[in-house]
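Worksheet for the structure shown next.
Naming convention: chains lettered A, B, ... in sequence-line order (proteins, then strands); numbering from 1 in each chain.
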Number of protein chains: 2
Amino acid sequence: MPRRSVTSYDIAKAAGVSQSAVSRAFSPGAPIAAKTRERILNVAAEMGYQPNAIARSMSSARQDTHQKSGMVGVIVTRLEDPFFAHTIAHFSRHLQASGWHMLLFTVDNEVEVDGALNALMQYKVDSIIILSAILSKHMARVCRDQGTPVMLYNRGAEGLNVNSVQIENHEGGRIAADILREAGHERIAFVAGDPNDETSQGRAAGLAERLAEDGLEVFLHETGDYTFVGGREAGLRLFSRVERPDAVFCASDVMALGVLHAARHDLGLEAPRDFSLIGFDDIPAAAWPGHMLTTIRQPIRRMIREAVDIVIDQMNTPDQPPRVTRFSGALILRNTVRGAGPGST
Amino acid sequence: MPRRSVTSYDIAKAAGVSQSAVSRAFSPGAPIAAKTRERILNVAAEMGYQPNAIARSMSSARQDTHQKSGMVGVIVTRLEDPFFAHTIAHFSRHLQASGWHMLLFTVDNEVEVDGALNALMQYKVDSIIILSAILSKHMARVCRDQGTPVMLYNRGAEGLNVNSVQIENHEGGRIAADILREAGHERIAFVAGDPNDETSQGRAAGLAERLAEDGLEVFLHETGDYTFVGGREAGLRLFSRVERPDAVFCASDVMALGVLHAARHDLGLEAPRDFSLIGFDDIPAAAWPGHMLTTIRQPIRRMIREAVDIVIDQMNTPDQPPRVTRFSGALILRNTVRGAGPGST
DNA sequence: TCGGAAACTGAATGCGCATTCAATATCATG
DNA sequence: CATGATATTGAATGCGCATTCAGTTTCCGA
């Protein structure tokens with residue numbers, strides 16, 4: 001049952017005008033008499049006509065720069081993570097509010113990114129946003145050659161010549177170290193997400209640097225895979241040692257909550273009584289009454305607005321140099337660091 | 001700087017063949033000599049050519065049924081909710097694994113659905129999946145007329161003539177009521193998500209029905225807006241009454257966790273000592289050691305596989321009658337219901 | 001009232017690709 | 001070696017729309 005959908009020609013015929021007129025009726029700013037436009041729009045509404053976005057994009061290919069598909073490609077890892085879910089939700093809303101649509105890819109490891117990127121290029125998306133994943137030099141070049149702006153969110157862009165918006169990881173690590181040192185801790189452990197990724201490494205480096213200034217070293221290094229379960233296991237390992245850490249800094253809140261639950265419910269240890277704990281991100285669950293996790297907050301609303309603004313700006317006026325923005329995390333004092341409660345500042 | 005991207009013509013010229021040949025080289029099953037194809041693919045690889053998905057979709061419009069864009073439109077509400085984040089993550093992976101791409105829309109209320117739907121139709125997506133939102137009769141008709149399969153996930157499709165995959169809400173409510181009655185509870189409160197939506201209502205109805213069989217009524221009705229904060233506030237209201245409920249059934253785990261944290265940390269009440277608590281969904285946080293929430297699990301992997309399978313099947317062979325599938329929730333016994341621990345079955 | 005500018009309008013064209021159709025090349029048989 | 005069958009190939013075409021270009025109409029001022 002080949003049901004062809006209504007096209008601009010059908011409307012043209014019905015309204016007694018040319019196809020061009022119909023097209024113009026739907027193009028803001030196109031030269032067409034107000035009355036004509038209105039009549040056409042009425043007919044179109046009656047017949048349920050909507051311009052075909054695909055065809056639109058096709059025909060715009062003749063234009064100056066390149067095709068405008070109206071779509072922004074977004075590549076994300078670990079969408080099940082509350083932090084990313086929030087991030088995507090915000091991206092989606094912002095993009096939509098500005099009239100852009102989101103073509104979403106989930107990837108499980110950084111190798112898949114290239115595949116997703118390829119698919120995105122095939123769809124001629126007008127720009128690409130990559131969350132927490134690495135971009136190969138090769139694909140960075142390809143995108144640049146195509147004139148497709150790329151935004152690396154939550155990752156740096158050293159030598160890649162693309163945009164980037166991220167939190168100051170190193171600085172965040174320092175802040176955590178600071179408050180922990182102020183509280184008098186000396187055996188400070190670090191729980192990495194993925195020890196090989198830039199994010200974790202930056203936070204660890206900030207911590208180590210600050211400790212070094214006091215002649216200290218990171219007491220123990222653990223890995224929690226950026227998950228609750230991983231954090232919980234890391235916590236179990238950490239606290240089963242003969243010499244236990246007296247404070248733990250986790251590269252993410254989810255892992256910190258894992259440590260907290262492990263300590264409290266598996267081992268009977270309480271923060272901040274028996275140890276201090278700091279997370280990173282400030283996800284909603286960090287503020288739950290039973291957690292009250294002290295953490296470094298990422299200003300994700302501002303960060304996302306910035307990322308979206310940059311990308312939109314570059315879609316509108318191409319060939320701009322890439323922009324790199326870093327945001328500072330803010331220490332959110334709750335109840336998991338000794339002597340540093342919400343009121344104590 | 002109008003950088004036109006490489007087209008099939010460029011490859012044709014470089015490989016000394018016609019454009020048709022290039023097209024065929026990229027179409028599995030097309031009549032073309034193996035040697036020719038190989039040569040073309042090599043040239044293409046060298047020149048970084050990838051067929052333009054948009055143009056592909058355009059040209060396929062001449063075919064039998066309708067355009068194939070290779071995209072599935074997904075509309076979601078409350079993406080920040082862990083339950084939906086998980087759901088979307090699974091949808092995304094499944095769809096990708098089968099070679100489909102996901103055009104994602106986030107909507108904040110059910111009115112926006114129509115807008116998103118319109119945008120989706122403009123992009124000629126090959127099918128549409130709607131998560132937890134209502135589809136208007138009008139748009140259902142439009143989609144049907146266009147031949148675009150629609151899947152309502154987490155919502156029924158009474159009188160809409162579209163596909164639907166959802167959990168048995170009513171049955172889930174009964175199961176919750178059952179275990180609570182077995183535990184001897186009599187003052188059972190219900191915390192709705194949105195009291196007007198089908199999901200919440202179904203769960204409430206199941207609860208009420210089962211209680212009625214014992215001559216009981218739902219002790220108190222509260223609303224938690226499907227959020228942690230909403231659940232927490234509902235819990236506070238519930239437990240500040242002179243006559244407190246002795247059990248609470250929440251329409252979602254997030255709200256149940258809100259009730260749990262409120263009871264435990266704001267009021268010093270403990271489950272199951274002072275009251276019993278059951279949630280719905282079985283999100284990861286329900287299993288955290290500090291929560292161990294008894295709940296009704298949604299088999300979301302199976303549900304999503306089913307939803308995706310139906311949709312893909314209908315994209316491949318159009319004009320099938322809509323399918324409706326209901327899944328049963330499973331009671332997951334953890335530690336928030338009196339006398340019904342994990343080992344007690 | 002008339003000429004010219006400004007405002008509209010329609011015919012024609014191409015975006016990049018898949019497909020049809022006719023032509024050519026290749027092959028297996030008798 | 002001839003001949004029909006089969007495998008490949010290229011030229012031409014259209015998908016639905018935006019835009020260019022060449023009219024055609026309308027509006028002003030003189």
Side-chain angles (χ1 to χ4, degrees), chain A residues 2-40 44 47-70 121-124 126 146, chain B residues 2-40 44 47-70 121-124 126 146:
Chain A
R3 69 222 109 183
R4 217 176 47 76
S5 51
V6 206
T7 74
S8 54
Y9 279 97
D10 302 322
I11 304 305
K13 200 185 308 170
V17 294
S18 71
Q19 179 268 327
S20 328
V22 178
S23 172
R24 284 194 269 258
F26 281 90
S27 308
I32 184 173
K35 287 182 55 177
T36 315
R37 163 172 280 150
E38 194 188 354
R39 183 158 44 94
I40 295 179
M47 301 181 57
Y49 167 78
Q50 303 258 171
N52 177 328
I54 300 283
R56 235 173 168 154
S57 163
M58 265 306 288
S59 106
S60 75
R62 18 204 344 306
Q63 290 331 93
D64 40 22
T65 52
H66 68 248
Q67 295 189 39
K68 293 261 159 242
S69 65
M121 304 296 299
Q122 290 188 32
Y123 274 97
K124 303 291 166 187
D126 296 324
Q146 295 282 314
Chain B
R3 71 221 109 184
R4 216 176 46 77
S5 50
V6 205
T7 74
S8 53
Y9 279 97
D10 302 323
I11 304 305
K13 199 184 311 170
V17 295
S18 71
Q19 179 269 327
S20 328
V22 177
S23 172
R24 284 193 270 258
F26 280 91
S27 307
I32 183 174
K35 287 182 55 178
T36 315
R37 165 172 279 151
E38 194 187 356
R39 182 156 46 92
I40 295 179
M47 302 181 56
Y49 167 78
Q50 303 258 168
N52 178 329
I54 300 283
R56 237 175 165 152
S57 163
M58 265 306 288
S59 98
S60 75
R62 21 206 339 311
Q63 291 330 94
D64 40 21
T65 51
H66 68 247
Q67 294 189 38
K68 293 261 160 245
S69 65
M121 304 295 297
Q122 291 188 32
Y123 274 97
K124 304 291 168 187
D126 296 323
Q146 296 283 312

N/O (side chain, Y9(A)) to phosphate O (OP1/OP2, dA18(D)) under 4.0 Å: no

Any S59(A) side-chain N or O less than 4.0 Å from OP1/OP2 of dC15(C): no

Distance-only donor-acceptor test, S20(B) side-chain atoms vs dA18(C) base atoms, 3.5 Å: no

Along DNA chain D (nearest heavy atom to each residue), the more 5'-positioned of S8(A) and R24(A): S8(A)

If I take atom [atom1] in residue [X] and atom [atom2] in nucleotide [N], what distance separates them, rounded to the nearest angstrom?
X	N	atom1	atom2	result
N52(A)	dG16(D)	CG	P	7 Å
K124(B)	dC17(C)	NZ	P	21 Å
R56(A)	dT19(D)	CZ	C1'	13 Å
I11(B)	dA18(C)	CD1	C1'	17 Å
Y123(B)	dG16(D)	OH	P	18 Å
I32(A)	dA18(D)	CD1	C1'	13 Å
F26(A)	dC17(D)	CZ	P	9 Å
I54(B)	dA18(C)	CD1	C1'	16 Å

Would you indicate what [X] reaches in the nucleic acid, counting non-hydrogen atoms under 4.0 angstrom: base, sugar-phosphate, or nothing?
X	result
P31(A)	base
V22(B)	nothing
S23(A)	base
T7(A)	sugar-phosphate

Check: S8(A) side chain, V22(A) main-chain N or O, donor-acceptor pair, under 3.5 Å: no

N/O donor-acceptor pair under 3.5 Å between R37(B) side chain and I32(B) backbone: no

Rounded distance [0.5 Å steps], CG in N52(A) versus OG in S69(B): 9.5 Å

Inter-residue atom distance K13(A).NZ - T7(A).OG1, 0.5 Å rounding: 8.0 Å

DNA chain C: 5'-proximal contact among T36(A) and P51(B) (nearest heavy atom): T36(A)

Of Q19(A) and R39(A), the one whose closest DNA chain C nucleotide lies more 5': R39(A)

Side-chain heavy-atom pair R56(A), K68(A) within 4.5 angstrom cut-off: no

